[in-house]
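Chain A is the first sequence line, chain B the second, and so forth, proteins listed ahead of strands; every chain is numbered from 1.
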Amino acid sequence: MANGSVRGRVIKASEMQSTDTVGLAKWLLGKALVRTKGGKREVGIVTEVEAYHTELDLASHASRGKTPRTRVLYSLGGVWYVYLIYGMYHMLNLVTGPEGTPAAVLIRGLDTITGPGRLTRELGIDMGFNRRPVAPRTGLHLEDLGIVVPRGRIGATPRIGVDYAGPVWSRKPWRFVAKPPFG
DNA sequence: ACAAGGATACCT
DNA sequence: GGTATCCTTGTC
(Lines give C-alpha, C1' and ligand atoms only; values in the text may rest on other atoms or scores of the structure.)
Protein backbone atom coordinates (compact mmCIF):
# COMPACT_ATOMS: atom_id res chain seq x y z
CA MET A 1 0.00 0.00 0.00
CA ALA A 2 1.33 3.38 -0.92
CA ASN A 3 2.08 5.74 1.93
CA GLY A 4 -1.05 7.61 3.01
CA SER A 5 0.70 10.93 2.58
CA VAL A 6 0.97 10.38 -1.18
CA ARG A 7 -1.38 12.78 -2.93
CA GLY A 8 -2.59 13.24 -6.45
CA ARG A 9 -5.22 15.00 -8.47
CA VAL A 10 -8.76 14.05 -7.44
CA ILE A 11 -10.47 12.26 -10.33
CA LYS A 12 -13.85 13.70 -11.26
CA ALA A 13 -17.02 11.81 -12.16
CA SER A 14 -16.92 13.35 -15.63
CA GLU A 15 -13.85 11.21 -16.36
CA MET A 16 -15.84 7.99 -15.81
CA GLN A 17 -18.71 8.55 -18.21
CA SER A 18 -17.36 7.21 -21.48
CA THR A 19 -19.27 4.37 -23.14
CA ASP A 20 -15.93 2.61 -23.64
CA THR A 21 -16.08 0.49 -20.49
CA VAL A 22 -13.11 -1.64 -21.50
CA GLY A 23 -11.06 1.50 -22.11
CA LEU A 24 -12.06 2.89 -18.72
CA ALA A 25 -11.07 -0.37 -17.03
CA LYS A 26 -7.55 -0.11 -18.49
CA TRP A 27 -7.44 3.59 -17.68
CA LEU A 28 -8.17 2.80 -14.03
CA LEU A 29 -4.96 0.77 -13.72
CA GLY A 30 -2.31 2.82 -11.95
CA LYS A 31 -4.86 5.19 -10.41
CA ALA A 32 -5.03 5.51 -6.63
CA LEU A 33 -7.97 4.25 -4.61
CA VAL A 34 -8.14 6.48 -1.55
CA ARG A 35 -10.05 5.54 1.59
CA THR A 36 -10.42 8.24 4.23
CA LYS A 37 -11.92 7.65 7.64
CA GLY A 38 -11.56 9.55 10.85
CA GLY A 39 -8.85 11.77 9.38
CA LYS A 40 -6.82 8.73 8.35
CA ARG A 41 -5.92 8.17 4.72
CA GLU A 42 -5.19 4.84 3.05
CA VAL A 43 -3.96 4.71 -0.52
CA GLY A 44 -3.69 1.74 -2.86
CA ILE A 45 -2.77 1.61 -6.51
CA VAL A 46 -5.28 -0.20 -8.70
CA THR A 47 -3.62 -3.18 -10.35
CA GLU A 48 -6.46 -5.53 -11.31
CA VAL A 49 -9.86 -4.72 -12.82
CA GLU A 50 -12.67 -6.23 -14.85
CA ALA A 51 -15.08 -4.53 -17.26
CA TYR A 52 -18.81 -5.28 -17.26
CA HIS A 53 -20.53 -3.70 -20.20
CA THR A 54 -24.29 -3.37 -20.86
CA GLU A 55 -27.23 -5.76 -20.46
CA LEU A 56 -25.93 -7.86 -23.35
CA ASP A 57 -22.98 -8.93 -21.21
CA LEU A 58 -24.26 -12.15 -19.63
CA ALA A 59 -21.55 -11.93 -16.96
CA SER A 60 -22.94 -8.60 -15.76
CA HIS A 61 -25.58 -8.36 -13.07
CA ALA A 62 -27.33 -6.01 -15.50
CA SER A 63 -27.97 -8.91 -17.88
CA ARG A 64 -31.19 -9.57 -15.92
CA GLY A 65 -32.30 -6.01 -16.43
CA LYS A 66 -33.09 -3.32 -13.93
CA THR A 67 -33.79 -4.72 -10.45
CA PRO A 68 -33.50 -3.15 -6.98
CA ARG A 69 -29.90 -4.36 -6.85
CA THR A 70 -28.83 -3.43 -10.38
CA ARG A 71 -30.58 -0.07 -10.57
CA VAL A 72 -27.36 1.70 -9.60
CA LEU A 73 -25.58 0.29 -12.64
CA TYR A 74 -27.83 2.41 -14.87
CA SER A 75 -26.88 5.68 -13.22
CA LEU A 76 -24.42 8.23 -14.53
CA GLY A 77 -20.82 7.13 -14.10
CA GLY A 78 -19.13 8.27 -10.91
CA VAL A 79 -20.80 6.29 -8.12
CA TRP A 80 -19.88 3.04 -6.38
CA TYR A 81 -21.69 -0.26 -6.82
CA VAL A 82 -21.07 -2.56 -3.87
CA TYR A 83 -22.62 -5.98 -3.44
CA LEU A 84 -22.23 -8.93 -1.11
CA ILE A 85 -21.06 -12.24 -2.51
CA TYR A 86 -21.05 -15.67 -0.84
CA GLY A 87 -22.52 -14.06 2.24
CA MET A 88 -19.14 -12.71 3.28
CA TYR A 89 -17.32 -10.57 0.78
CA HIS A 90 -18.09 -7.13 -0.54
CA MET A 91 -17.21 -6.43 -4.16
CA LEU A 92 -16.30 -2.88 -5.13
CA ASN A 93 -17.31 -1.63 -8.57
CA LEU A 94 -17.02 1.78 -10.21
CA VAL A 95 -20.20 2.61 -12.13
CA THR A 96 -19.25 4.08 -15.50
CA GLY A 97 -20.85 5.45 -18.64
CA PRO A 98 -23.75 7.77 -19.34
CA GLU A 99 -27.10 7.63 -17.57
CA GLY A 100 -29.09 4.61 -18.74
CA THR A 101 -26.10 2.54 -19.87
CA PRO A 102 -25.44 -0.20 -17.31
CA ALA A 103 -21.68 -0.52 -17.06
CA ALA A 104 -19.13 -0.92 -14.29
CA VAL A 105 -15.53 -1.74 -13.55
CA LEU A 106 -14.88 -4.25 -10.77
CA ILE A 107 -11.79 -3.37 -8.74
CA ARG A 108 -10.19 -6.72 -7.99
CA GLY A 109 -6.79 -5.79 -6.68
CA LEU A 110 -4.42 -3.11 -5.43
CA ASP A 111 -0.64 -3.05 -5.40
CA THR A 112 -0.49 -4.54 -1.92
CA ILE A 113 -3.93 -6.11 -1.48
CA THR A 114 -4.82 -8.72 -4.06
CA GLY A 115 -8.31 -10.11 -4.23
CA PRO A 116 -11.61 -8.20 -4.42
CA GLY A 117 -12.90 -9.56 -1.12
CA ARG A 118 -9.72 -8.85 0.74
CA LEU A 119 -9.38 -5.27 -0.38
CA THR A 120 -12.87 -4.30 0.75
CA ARG A 121 -12.38 -6.07 4.06
CA GLU A 122 -9.05 -4.37 4.72
CA LEU A 123 -10.23 -0.92 3.67
CA GLY A 124 -13.54 -1.19 5.54
CA ILE A 125 -15.79 -0.99 2.50
CA ASP A 126 -19.30 -2.41 2.87
CA MET A 127 -22.83 -1.92 1.55
CA GLY A 128 -22.86 1.55 3.07
CA PHE A 129 -20.85 2.69 0.05
CA ASN A 130 -23.35 1.38 -2.48
CA ARG A 131 -24.64 4.25 -4.67
CA ARG A 132 -22.34 6.78 -3.01
CA PRO A 133 -20.53 9.28 -5.23
CA VAL A 134 -16.85 8.75 -5.96
CA ALA A 135 -15.73 11.83 -4.04
CA PRO A 136 -13.47 12.63 -1.09
CA ARG A 137 -16.33 13.65 1.20
CA THR A 138 -17.88 10.16 0.96
CA GLY A 139 -14.71 8.51 2.26
CA LEU A 140 -13.78 6.69 -0.93
CA HIS A 141 -12.46 8.32 -4.09
CA LEU A 142 -9.88 8.07 -6.85
CA GLU A 143 -6.77 10.12 -7.50
CA ASP A 144 -4.42 10.40 -10.44
CA LEU A 145 -0.83 10.05 -9.23
CA GLY A 146 0.60 10.49 -12.69
CA ILE A 147 1.38 6.80 -13.00
CA VAL A 148 1.16 5.61 -16.58
CA VAL A 149 0.91 1.88 -17.17
CA PRO A 150 2.20 1.24 -20.70
CA ARG A 151 0.07 -0.98 -22.93
CA GLY A 152 2.80 -3.60 -22.90
CA ARG A 153 2.53 -3.94 -19.15
CA ILE A 154 -1.19 -4.62 -19.13
CA GLY A 155 -2.14 -8.28 -19.21
CA ALA A 156 -5.63 -9.26 -20.44
CA THR A 157 -7.42 -12.47 -19.44
CA PRO A 158 -10.99 -13.73 -19.23
CA ARG A 159 -12.92 -12.50 -16.22
CA ILE A 160 -12.87 -14.59 -13.05
CA GLY A 161 -15.81 -16.66 -11.84
CA VAL A 162 -18.18 -16.03 -14.74
CA ASP A 163 -18.37 -19.46 -16.38
CA TYR A 164 -22.16 -19.26 -16.06
CA ALA A 165 -22.19 -16.49 -18.67
CA GLY A 166 -21.76 -18.90 -21.60
CA PRO A 167 -18.87 -19.35 -24.01
CA VAL A 168 -18.97 -15.94 -25.67
CA TRP A 169 -19.19 -13.71 -22.62
CA SER A 170 -17.22 -15.80 -20.15
CA ARG A 171 -14.23 -15.75 -22.51
CA LYS A 172 -14.12 -12.03 -23.26
CA PRO A 173 -10.64 -10.84 -22.26
CA TRP A 174 -11.98 -8.06 -20.07
CA ARG A 175 -9.87 -8.64 -16.98
CA PHE A 176 -6.81 -6.43 -16.93
CA VAL A 177 -3.78 -6.77 -14.69
CA ALA A 178 -0.98 -4.24 -14.42
CA LYS A 179 2.45 -5.79 -14.12
CA PRO A 180 4.80 -4.27 -11.52
CA PRO A 181 6.45 -1.92 -10.78
CA PHE A 182 3.68 0.65 -10.41
CA GLY A 183 5.39 4.01 -10.36
C1' DA B 1 -11.60 -30.38 -2.23
C1' DC B 2 -14.99 -27.71 0.10
C1' DA B 3 -17.68 -25.11 3.65
C1' DA B 4 -18.69 -20.66 5.13
C1' DG B 5 -22.24 -16.53 4.74
C1' DG B 6 -26.51 -14.02 3.33
C1' DA B 7 -28.64 -11.45 -0.42
C1' DT B 8 -30.74 -11.95 -4.74
C1' DA B 9 -33.72 -13.49 -8.46
C1' DC B 10 -36.89 -16.50 -9.77
C1' DC B 11 -39.88 -19.89 -9.18
C1' DT B 12 -44.60 -22.02 -6.92
C1' DG C 1 -43.53 -19.32 0.96
C1' DG C 2 -39.01 -22.24 -1.16
C1' DT C 3 -34.49 -22.60 -3.35
C1' DA C 4 -30.56 -22.42 -6.61
C1' DT C 5 -27.08 -19.45 -7.40
C1' DC C 6 -23.49 -16.38 -6.59
C1' DC C 7 -17.90 -11.17 -10.25
C1' DT C 8 -14.55 -15.38 -3.03
C1' DT C 9 -11.58 -16.87 0.51
C1' DG C 10 -9.38 -19.70 4.04
C1' DT C 11 -8.78 -24.03 5.65
C1' DC C 12 -9.28 -28.68 4.82
| Sidechain-backbone polar pair: A/T70 side chain, A/G65 backbone, donor-acceptor under 3.5 Å | yes
| task | May I ask you to list the residues sharing a hydrophobic cluster with A/Y83, side-chain cutoff 4.5 Å, ordered by chain and number? | result | A/Y52, A/V72, A/L73, A/Y74, A/V79, A/Y81, A/I85, A/Y86, A/M88, A/Y89, A/M91, A/V95, A/L106, A/V162, A/Y164
| message | Under the rule for side-chain hydrogen bond (donor to acceptor under 3.5 Å, both in side chains), what residues qualify as partners of A/N130, not counting sequence neighbours? | response | none
| said: What is the first contacted nucleotide of DNA chain B and what is the last, in 5' to 3' order, if contact means an atom lying under 4.0 angstrom from a heavy atom of chain A? | reply: B/dA4 to B/dC10
| base_contact_polar (C/dC6 base, A/Y164 side chain, donor-acceptor, <3.5 Å) | no
| For A/L119, does its backbone N or O pair with a side-chain atom of A/E122 as donor and acceptor, under 3.5 Å? | no
| task | Tell me which residues in residues 60-78 of chain A put a heavy atom below 4.0 Å from DNA chain C, sorted by number, or none. | result | A/S60, A/H61
| Co-members of the apolar cluster containing A/L76 [side chain, <4.5 Å] | none
| remark: Here the salt bridge (Lys or Arg N to Asp or Glu O under 4.0 Å) pairs for residues 141-155 of chain A, sequence neighbours left out, are A/R9-A/D144, A/R41-A/E143
| A/R71 atom CZ, neighbour heavy-atom count above 12 within 6.0 Å | no
| remark: Those residues at least two apart in sequence (or on a different chain) that pass side-chain hydrogen bond (donor to acceptor under 3.5 Å, both in side chains) with A/S63 are none
Distances under 3.5 Å between nitrogen or oxygen atoms of protein and nucleotides 8-11 of chain C:
| unit_1 | atom_1 | unit_2 | atom_2 | d |
| --- | --- | --- | --- | --- |
| C/dT8 | OP1 | A/R108 | NH1 | 3.0 |
| C/dT8 | OP1 | A/R108 | NH2 | 3.4 |
| C/dT9 | OP1 | A/P116 | N | 3.1 |
| C/dT9 | OP1 | A/G117 | N | 3.0 |
| C/dT9 | O4' | A/Y89 | OH | 3.2 |
| C/dG10 | OP1 | A/R121 | NH2 | 3.1 |
| C/dG10 | OP2 | A/R118 | NE | 2.9 |
| C/dG10 | OP2 | A/R118 | NH2 | 2.5 |

Review item, side-chain donor-acceptor pairs of residues 16-24 of chain A, under 3.5 Å, at least two apart:
| unit_1 | atom_1 | unit_2 | atom_2 | d |
| --- | --- | --- | --- | --- |
| A/Q17 | NE2 | A/A13 | O | 3.2 |
| A/Q17 | NE2 | A/G77 | O | 3.0 |
| A/S18 | OG | A/D20 | N | 2.8 |
| A/D20 | OD1 | A/G23 | N | 2.9 |
| A/T21 | OG1 | A/H53 | ND1 | 2.7 |

| query | Can you tell me if A/T138 uses its side chain to pair, donor with acceptor, with the backbone of A/V134 under 3.5 Å? | reply | no
| field | For A/P136, side-chain contact (heavy atoms from CB on, under 4.5 Å) partners two or more places apart | value | A/V10, A/H141
| query | For A/V49, does its backbone N or O pair with a side-chain atom of A/R108 as donor and acceptor, under 3.5 Å? | reply | no
| task | Hunt down any stem DNA chain B takes part in, defined as 3 or more consecutive Watson-Crick or G-U pairs whose two distances are each under 3.5 Å. | result | B:1-4 with C:8-11, B:6-11 with C:1-6
| request: Within residues 47-59 of chain A, find the residues that approach DNA chain C with a heavy atom at under 4.0 Å, and present them sorted by residue number. | output: A/Y52, A/A59
| Under 3.5 Å donor-acceptor, A/T120 side chain and A/L92 backbone | no
| Say you draw a straight line from CD1 of A/I107 to CG of A/N93; how long is it, rounded to the nearest 0.5 Å? | 8.0 Å
